[in-house]
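These notes concern the structure reproduced below.
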Amino acid sequence: MSDRQYVQVAFPIPIRDVFTYVVPEYLQGRVLSGCQVTAFLGRRKLSGIVVGSEPREDLPRVRPLESLVRPEPVFDAQMLRLTREVAEHYMCPWGEVLAAGYPAHAQKTWRPSREQASVPRVPDRPGEGVRRDQPPHHLESELLKHFELLLGASRRGAGEVFLLHLPDELREDMYPLLAAEVLNHGGGVLFLVPEISTSGSLLEVLGRRFGSRMALFHSRLRISERKRIWERARAGELKVLVGTRSAVFLPVSNLKLIVVEDEHARPFKQEETPRYNGRDVAGMRGRLAGVPVLLASATPSVESVLSVKRGEFHLIGGAPFPMPMPSVSVVDMRKVDNRSQDSDQFSSSLISLIRGSIQTRSRALLFLNRRGFSTWVQCRDCGAVETCSTCELPLVFHSQEKSLLCHHCGSRTGAPSSCKKCHGTDFRFGGVGVQKVQASLEKLFPGARIERVDLDSARSRPEALRVAERFAGGDIDVLIGTIFVTKGLKLGRFAVAGMLHAESQLNLPDFRSGERAFQLLSEIASLAQAAGAELVVQTLNPEHHSVVSVCAGEPGLFYEVELKQRQELGYPPFSTLIAFHIAGPKEAEVIRVVETARSGAACVVAEGGGRIQVLGPSPAVPMRSRGRFRWYASLRGQERSEVMDAARKLLERLGGRHEVAGVTISVDVDPVGG
DNA sequence: AGCACGCCGACT
DNA sequence: GTCGGCGTGCTC
């Protein structure tokens, strides 16, 4: 009996434990760590991953495994270790991380892979595939020297992190050269991108060069397609893997380099369990696998910049390679003198530039990051603001559709007719959206060809591309857009770029709002630069360091001030945050749990001897979403391990479980965004 | 997460 | 008298 074999299995369920099973006789010796198996848990048959083989004598009854789904392990020792570390770091079940890392895990039965024709890939274009092994600019040859350091790390298996701080175009030029170099030495490369829709040009550039040796991986592919890519990556048929955050777990054969493109971008953080950050997991993987990680961005995250300053990351780029800057002027819109007489949305300088561009047919592009006509609608009689009945947030009036829209849940009601509170019929349409800007411009410049690109005007991507094409071709005089226009549209050259309300990202309840403003403004500055446009930045916060640094062409200034402020206020990267999201269908119940959490957190903090702070609790934005009332609170401290301990203790106090009376509590380590 | 067990309201 | 609501607890 003593030669019975036991294994531990992790299942993709929200239970922290692993479960022990007996290996049935017919599978003796064949069930290895990392294998996918099925087993009964309760009366359900589940697919799980074998994560260990320690026998346990303390269990009253152990059940046998049902089946071995495929003979060879799907996770090797290194990937098991990575997924375990990710689970520990993000305080989520190991099984859920394993499920995120193996596309077929969700499936009940495994079918051996057969030849399938439908692998989506960027087509080979031999005609355009001009080999360009010699980089064109002197900057690039300079960069190649820096890349020697990176490639050296790749060859000797050093899991170091490099921050590539360069403009988008320069990075894009370098990637095929870099990847080709790695491939020449028989290695594979993993590119992580924040989202598929905005990485079109990178895909094109890599696809042109690597064709059928490259694949695109993301969660919107069918499971069968994901499985196929997973298999081909492991078999070494695919050498260049491009994918969104879940691709960080792909088993790339002889992986030699991980690139995280636009490493500052928000979508790397998954907002459901397992709540991991693809960029940070890339760093963990690089360290474990002895593979260098290249974090790349024109506007790196404050975290990464600090890591460079601390000597933890190597810097490639930065000051020796200055960001190209457009000619830019900042207009303080608080000063009445600066505002145009014709419309309070524009400064007189911007209006005259737009007028000039219309006259000379040289085109103008205006940015405002707010959809709709007016951002709030208020009754003039009682002062009540129209709010969404489910989210309780102000509704945005859309003039084109003549309706009120909730930008959070998408609910739509007709144009306001009478106030819900006092039945008044006189409304004030406050706040500026792109539709209002368009209306004002049409009044100011009758006869000019003025169009708009945003989520509402461009129902599909081809439609947006057509508008961009018409603008580039000179068929549109003034184009007004939300950030939508920065998402890979080819706008050609134009003379004037205007940014309205450059402060709109600031003053959000999020310690990263300044960083976001900096990133958006930088993006627009580089767009203006590429177009050869003169940029006018209109703002109510001209002295904010995000505005000052971008407009002075001194990004370093932003990081300097921002790091100082974060340190003074005790925010990341100078501390660790762990957020608790509390949500449920009944408000009273949610608030009860929130109060329990508040007092629990106070106890935990008292035990921690003042090294841990509590932020909140406060209602989430929006407070109601999908029929659930949402609150959150955070624990904060300088020592990660202490914050983790405090979070574990707090969870214990809240019942040890993640759910109490219909109210769910979920833990979010290193949260991103308010 | 499921799926049971279990103890209270409106139906054949 | 039961059918069924979803609160609480367990799964190797």
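Order of the sequence lines sets the chain letters (A, B, ...), proteins ahead of strands, with each chain counted from 1. On a predicted model such as this, the values are computed, not experimentally measured, just so you know.
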- Heavy-atom neighbours of A:Glu88 CD exceed 12 at 6.0 Å: yes
- Message: Check this for me: does any side-chain nitrogen of one of A:Arg275 and A:Asp668 sit under 4.0 Å from a carboxylate oxygen of the other?
- Response: yes
- Go along nucleotides 2-7 of chain B 5' to 3' and tag each nucleotide: B for a protein heavy atom under 4.0 Å from its base, S when only backbone or sugar atoms are that close, - otherwise. SSS---
I need the [atom1]-[atom2] distance between [X] and [N], as an integer number of Å.
X        : N      : atom1 : atom2 : result
A:Ile15  : C:dT11 : CD1   : P     : 9 Å
A:Asp17  : C:dT11 : CG    : C1'   : 10 Å
A:Ile665 : B:dA1  : CD1   : P     : 12 Å
A:Glu66  : C:dC12 : CD    : P     : 12 Å
A:Arg4   : C:dC12 : CZ    : P     : 15 Å

- Task: With sequence neighbours left out, write down each residue that passes side chain to side chain contact (heavy atoms under 4.5 Å, CB included) with A:Val604, or none if nothing qualifies.
- Result: A:Ala646, A:Lys649, A:Leu650, A:Arg653
- Under a 3.5 Å cut-off on both pairing distances, which runs of 3 or more consecutive Watson-Crick or G-U pairs involve DNA chain B? B:1-11 with C:1-11
- Would you call the rings of A:Phe11 and A:Phe19 parallel, tilted or perpendicular, where under 30° means parallel and over 60° means perpendicular? tilted
- Query: With sequence neighbours excluded, what pairs up with A:Arg628 under the side-chain hydrogen bond (donor to acceptor under 3.5 Å, both in side chains) test?
  - Reply: A:Thr664
- Message: Just to verify, what does A:Arg648 make a salt bridge (charged side-chain N to carboxylate O under 4.0 Å, His left out) with, not counting sequence neighbours?
- Response: A:Asp645
- With sequence neighbours left out, write down each residue that passes salt bridge (charged side-chain N to carboxylate O under 4.0 Å, His left out) with A:Asp280, or none if nothing qualifies. none
- Separation between CE (A:Met214) and CZ (A:Phe191), nearest 0.5 Å, reads 9.5 Å
